[in-house]
Amino acid sequence: MYEKLVSYAARQLELDAADISPDSTFESLGIDSLDVVEMIMDLETELGVELDVENQKITTFQELADFIEAKLA
(Lines give C-alpha, C1' and ligand atoms only; values in the text may rest on other atoms or scores of the structure.)
Protein backbone atom coordinates (compact mmCIF):
# COMPACT_ATOMS: atom_id res chain seq x y z
CA MET A 1 0.00 0.00 0.00
CA TYR A 2 2.87 2.34 0.78
CA GLU A 3 4.20 1.98 -2.76
CA LYS A 4 0.74 2.73 -4.16
CA LEU A 5 0.61 5.95 -2.12
CA VAL A 6 4.05 7.03 -3.30
CA SER A 7 3.09 6.30 -6.90
CA TYR A 8 -0.10 8.32 -6.49
CA ALA A 9 1.77 11.28 -4.96
CA ALA A 10 4.36 11.22 -7.73
CA ARG A 11 1.72 11.06 -10.44
CA GLN A 12 -1.09 13.26 -9.12
CA LEU A 13 0.82 15.71 -6.93
CA GLU A 14 3.86 15.92 -9.19
CA LEU A 15 6.30 14.94 -6.47
CA ASP A 16 9.57 13.08 -6.98
CA ALA A 17 9.07 9.57 -5.60
CA ALA A 18 12.71 9.57 -4.47
CA ASP A 19 11.90 12.44 -2.09
CA ILE A 20 9.21 10.43 -0.30
CA SER A 21 10.08 8.13 2.59
CA PRO A 22 7.76 6.21 4.92
CA ASP A 23 8.27 8.89 7.58
CA SER A 24 7.75 11.83 5.22
CA THR A 25 5.00 14.04 6.53
CA PHE A 26 2.47 15.44 4.12
CA GLU A 27 3.34 18.92 5.35
CA SER A 28 7.08 18.47 4.74
CA LEU A 29 6.33 17.63 1.10
CA GLY A 30 4.00 20.59 0.60
CA ILE A 31 0.87 18.43 0.55
CA ASP A 32 -2.00 20.44 2.00
CA SER A 33 -5.18 19.13 3.59
CA LEU A 34 -7.14 19.45 0.34
CA ASP A 35 -4.56 17.27 -1.44
CA VAL A 36 -4.87 14.67 1.32
CA VAL A 37 -8.68 14.67 1.07
CA GLU A 38 -8.49 14.22 -2.72
CA MET A 39 -5.99 11.41 -2.31
CA ILE A 40 -8.26 9.66 0.22
CA MET A 41 -11.30 10.05 -2.05
CA ASP A 42 -9.40 8.65 -5.04
CA LEU A 43 -8.18 5.70 -2.97
CA GLU A 44 -11.70 5.00 -1.68
CA THR A 45 -12.92 4.80 -5.26
CA GLU A 46 -10.01 2.68 -6.43
CA LEU A 47 -10.10 0.27 -3.48
CA GLY A 48 -13.87 0.17 -3.00
CA VAL A 49 -13.64 0.90 0.71
CA GLU A 50 -14.65 3.84 2.90
CA LEU A 51 -11.69 5.41 4.66
CA ASP A 52 -13.01 7.53 7.52
CA VAL A 53 -9.86 9.36 8.58
CA GLU A 54 -11.54 12.30 10.31
CA ASN A 55 -10.74 11.12 13.83
CA GLN A 56 -7.33 9.72 12.95
CA LYS A 57 -3.96 11.37 13.54
CA ILE A 58 -2.36 10.56 10.20
CA THR A 59 0.58 12.72 9.17
CA THR A 60 2.94 10.42 7.26
CA PHE A 61 2.74 8.18 4.22
CA GLN A 62 3.41 5.08 6.35
CA GLU A 63 0.67 5.97 8.84
CA LEU A 64 -1.80 6.34 5.98
CA ALA A 65 -0.65 3.07 4.39
CA ASP A 66 -1.01 1.25 7.73
CA PHE A 67 -4.50 2.74 8.25
CA ILE A 68 -5.65 1.66 4.80
CA GLU A 69 -4.21 -1.83 5.18
CA ALA A 70 -6.06 -2.22 8.49
CA LYS A 71 -9.32 -1.19 6.78
CA LEU A 72 -8.77 -3.73 4.02
CA ALA A 73 -8.01 -6.58 6.41
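The figures here come from the full heavy-atom set of this structure, side chains too, leaving out hydrogens, waters and symmetry mates.
Under a cut-off of 6.0 angstrom, the local environment of CD in Gln56 is crowded, with over 12 non-hydrogen atoms contributed by other residues, nucleotides or ligands.
Taking CD of Glu69 as the start and CG of Leu64 as the end, the distance is 10.0 Å to the nearest 0.5 Å. Atom CG of Leu47 and atom CE of Met1 lie 4.5 Å apart (nearest 0.5 Å).
Val53 and Phe67 make their closest contact through CG1-CE2, 3.2 Å (heavy atoms, listed as atom of the first residue, atom of the second, distance). Scanning all heavy atoms of the two residues, the minimum distance from Phe61 to Ser21 falls at CB-O, 4.2 Å. Contact detail for Phe26 and Thr60: the closest heavy-atom pair is CZ-O, 3.6 Å.
Side-chain atoms of Asp35 and Met39, non-hydrogen and from C-beta on, never get closer than 4.5 Å to each other. Between Lys71 and Leu43 the shortest side-chain heavy-atom distance does not fall below 4.5 Å. At least one side-chain heavy atom of Ile31 sits less than 4.5 Å from a side-chain heavy atom of Leu15. Contact annotation: the side chain of Ile20 never approaches that of Leu5 to less than 4.5 Å [non-hydrogen atoms, C-beta and beyond].
Qualifying salt bridge (Lys or Arg N to Asp or Glu O under 4.0 Å) partners for Glu46, counting only residues two or more places apart in sequence or in other chains: Lys4. By the side-chain contact (heavy atoms from CB on, under 4.5 Å) test, Asp19 is found to be paired with Asp16, residues two or more places apart in sequence or in another chain being considered. Partners of Tyr8 by ring pair (Phe, Tyr, Trp, His ring centres under 6.0 Å), not counting sequence neighbours: none found.
For Glu44 (side chain) and Leu51 (main-chain N/O), a donor-acceptor pair under 3.5 Å exists by modelled atom type.
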Report task. Give the C-alpha distance, both sets of side-chain angles, the deciding distance and a yes or no for side-chain contact (heavy atoms from CB on, under 4.5 Å) between Val49 and Ile68. Result -> CA-CA 9 Å; Val49 65; Ile68 293 169; 5.5 Å; no

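Under a hydrophobic-cluster definition in which Ile, Leu, Val, Met, Phe, Trp and Tyr are linked whenever side-chain heavy atoms come within less than 4.5 Å, directly or via other members, Ile58 and Met41 are assigned to different clusters.
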